[in-house]
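Numbered from 1 within each chain, the chains take letters A, B, ... in sequence-line order.
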Number of protein chains: 2
Amino acid sequence: MIPENTVERLSLYRRVLQQIWAEGKETIMSHELAQILHIKPAQVRRDIMYLGYSGIPNIGYKVKSLIESISQFLDSTSQQSAILVGVGHLGMALLANFSGRWRQLAIRAAFDRDPEKIGRVFHGCVCYSVEDIPKVVGELKSIIGIIAIPADQAQKICDLMITSGIRGILNFSPVRLKVPEYVYVEHVDLSATFEKVAFFARTMKKLEEEKSKLPPILENCSDGYNQNVKEENLRKDVSV
Amino acid sequence: MIPENTVERLSLYRRVLQQIWAEGKETIMSHELAQILHIKPAQVRRDIMYLGYSGIPNIGYKVKSLIESISQFLDSTSQQSAILVGVGHLGMALLANFSGRWRQLAIRAAFDRDPEKIGRVFHGCVCYSVEDIPKVVGELKSIIGIIAIPADQAQKICDLMITSGIRGILNFSPVRLKVPEYVYVEHVDLSATFEKVAFFARTMKKLEEEKSKLPPILENCSDGYNQNVKEENLRKDVSV
DNA sequence: TATAATTTGTTATATAATTCACAATTATAC
DNA sequence: GTATAATTGTGAATTATATAACAAATTATA
Ligand SMILES: NC(=O)c1ccc[n+]([C@@H]2O[C@H](COP(=O)([O-])OP(=O)(O)OC[C@H]3O[C@@H](n4cnc5c(N)ncnc54)[C@H](O)[C@@H]3O)[C@@H](O)[C@H]2O)c1
Ligand SMILES: NC(=O)c1ccc[n+]([C@@H]2O[C@H](COP(=O)([O-])OP(=O)(O)OC[C@H]3O[C@@H](n4cnc5c(N)ncnc54)[C@H](O)[C@@H]3O)[C@@H](O)[C@H]2O)c1
């Protein structure tokens, strides 16, 4: 089984590679990709291993064919349609970004329970009543659902999504959804993330203050610090 | 050093505990918390260990004092102010949720470069020009920044944030930011997350299809499946 | 008061993810 | 052609995270 993190990074690699391809570069090496994404070259090579794709020693990877290889791995052969439930503040932002008729993967139907919103079109996406979820999911053959509704409504809508055929859920509500083992859920809990960032911001600040209090003699105690540095590591900071 | 995941879960625990407290429950056991969040009881106990907080055997944790203990750990003694750069679709949604004068942790200033937005108030938050970032960050003593601007602008604003004093960054733009080691960054890459969910939705679907093709005899081969099940594990599905 | 039942705190174990290190491979310089 | 330099692919080592297991602690009960 492929690691979840690898799947996510493959998506990042593809985005970077498309940019690079647009700039006219035809090959790229693992340490270049690594530098752009601030990860280790070995990580890049390991991830690409999962594709079964091979680069060329001393040359690197062919940008075009690596993009194709990632796409073959990540994408469905047919167009994938996602549905979104909850056209509020967050849902609207998601529609602005992910609604689209022509993309390979896009939100193609929205749902809300607010009568004011039902029947209207937001960022090119029709908003239906939640009662239409089973029907529309069936018609679109959608297996991807996004939840952007209040916490107390989330499990109910989640269950409805699953009985309608949804098999992957991106959940923004602050509730850990209960799903059968044949459904994948990704929880994006922005409140928790926000609090985590705040916590580590303080941690960083404290570390910095402590460090600046160290007696000067300690700052010179880096004997051997730069000894035995591997080539890879030497290279990684060239662009700094 | 405390694991990042633990910090994030502590935030979840607190939210659940506050709910539970509001419902009048005074104590809670690790397996109850675990059940609500669909994690293992050992995980809950292990996380609470980092707080230095102790529960009572055979009783559990005192809800009120556990909330206090988490808050003491997670929160700053003083109010924490975050700044947001980019009042577009996503930034607006974030303001709707995290702007607030009275909360312990909140967005208290927004920035944009669009003259149409500068000077206006969004969800209770004044929008300033990006040139004012150093000044406002200094005044608010803010060390937390949120980036919700296009990719090509992100690194520039990131650098400005850091020189202004920001030490924790929540980045929504699809760019891996380069920061010094004394700055914490959390990348929320919604496009990559969306693609990951789509990928695993298909994986789930495929697994399901394969399983349903198995000859019936295999489905009865669960000999010994329920033997040697630990008490903890037996309990965990009671509510299903 | 002793005993049984239960839950915590924590050590040990298992699993997962990342990074190292180097043989194998290819391009380039001479 | 051969030597040199560089980069890949991957097994092994390391690090991080999650789970299991159980002694110690506490309550409830006989
Ligand atoms: N906006 C943010 O930045 C943010 C941050 C953190 C968490 N969240 C979470 O994301 C979710 C959505 O946030 P939001 O800011 O967009 O909220 P919102 O109140 O702006 O929008 C919620 C939308 O869901 C609709 N809705 C409610 N119940 C529904 C139901 N049963 N079926 C269909 N539609 C229903 C409402 O009509 C409304 O349009 C919430 O759970 C919130 O906690 C949002
Ligand atoms: N909306 C989403 O759901 C979503 C999904 C995935 C990724 N993102 C990413 O989040 C970021 C914001 O997305 P959005 O949908 O809100 O975009 P948007 O275009 O709606 O808003 C961007 C805002 O940033 C402002 N801006 C641009 N350059 C600036 C600068 N240098 N300084 C200050 N302000 C500046 C613009 O004036 C605008 O108000 C983008 O990087 C986008 O790729 C958004």
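If you measure from atom CD1 of B:Ile2 to atom C1' of D:dT17, you get 13 Å, rounded to the nearest angstrom. To the nearest angstrom, P of D:dT8 lies 10 Å from CD1 of A:Ile28. Rounded to an integer number of Å, the gap from CD1 of B:Ile39 to C1' of D:dA20 is 15 Å. What separates NZ of B:Lys40 from C1' of D:dT17 is a distance of 14 Å, to the nearest Å. In this structure, A:Met49 places its CE atom 11 Å from C1' of D:dT8, rounding to the nearest Å. Atom CG of A:Leu51 and atom P of D:dG9 are 10 Å apart (whole Å). D:dT14 atom P lies 18 Å from atom CD of A:Gln43, rounded to whole Å. In this structure, A:His38 atom NE2 and C:dT19 atom C1' are separated by 18 Å, rounded to whole Å.
Each of B:Val7, B:Thr6, B:Leu74, B:Leu170 was compared with A:Lys196 under the side chain to side chain contact (heavy atoms under 4.5 Å, CB included) criterion, and only B:Val7 meets it.
Residue B:Gly55 is the one, among A:Pro3 and B:Gly55, whose nearest nucleotide of DNA chain C lies closer to the 5' end (criterion: closest heavy atom). Remark on DNA chain C: of its neighbouring residues B:Ile56 and A:Ile59, the 5'-side contact belongs to B:Ile56, judged by nearest-heavy-atom nucleotide.
No side-chain donor-acceptor contact under 3.5 Å links B:Lys40 to the backbone of B:Ala42. Between the side chain of A:Arg167 and the backbone N or O of B:Arg202 there is no donor-acceptor pair closer than 3.5 Å.
Counting non-hydrogen atoms under 4.0 angstrom, B:Thr6 reaches nothing in the nucleic acid. B:Tyr50 comes within contact range of no nucleotide atom at all, as no heavy-atom separation falls under 4.0 Å. Here B:Met29 lies in heavy-atom contact (under 4.0 Å) with sugar-phosphate atoms only.
Remark: the A:Glu68 side chain and the A:Gln72 side chain contain no N/O donor-acceptor pair separated by less than 3.5 Å. Between A:Tyr184 and A:Glu4, the side chains place a donor N or O and an acceptor N or O closer than 3.5 Å (distance only, hydrogens not considered).
Distance from the side chain of A:Ala42 is smallest for C:dA21 among the nucleotides C:dA21, D:dT7, C:dT10. Comparing C:dT10, D:dA5, D:dT26 by their nearest atom to the side chain of B:Pro57 picks out D:dT26.
OP1 or OP2 of C:dT7 has not a single side-chain nitrogen or oxygen of B:Ser30 nearer than 4.0 Å. Put simply, B:Ser54 has a side-chain N or O that comes within less than 4.0 Å of OP1 or OP2 on C:dG9. Within the structure, a side-chain polar atom (N or O) of A:Asn5 is placed less than 4.0 Å from OP1 or OP2 of C:dT18.
For A:Arg45 against C:dT19, a side-chain-to-base donor-acceptor contact under 3.5 Å is absent. A:Arg46 contributes a side-chain N or O that forms a donor-acceptor pair with the base of C:dT19 under 3.5 Å. Residue B:Asn58 places no side-chain atom within donor-acceptor reach of the base of C:dT7, judged by atom type and a 3.5 Å distance cut-off alone.
Shown here is A:Lys25, whose NZ atom has more than 12 heavy atoms of other residues, nucleotides or ligands within 6.0 Å.
The pairing partner recorded for C:dA23 is D:dT8, the criterion being a Watson-Crick or G-U wobble arrangement whose two distances lie under 3.5 angstrom.
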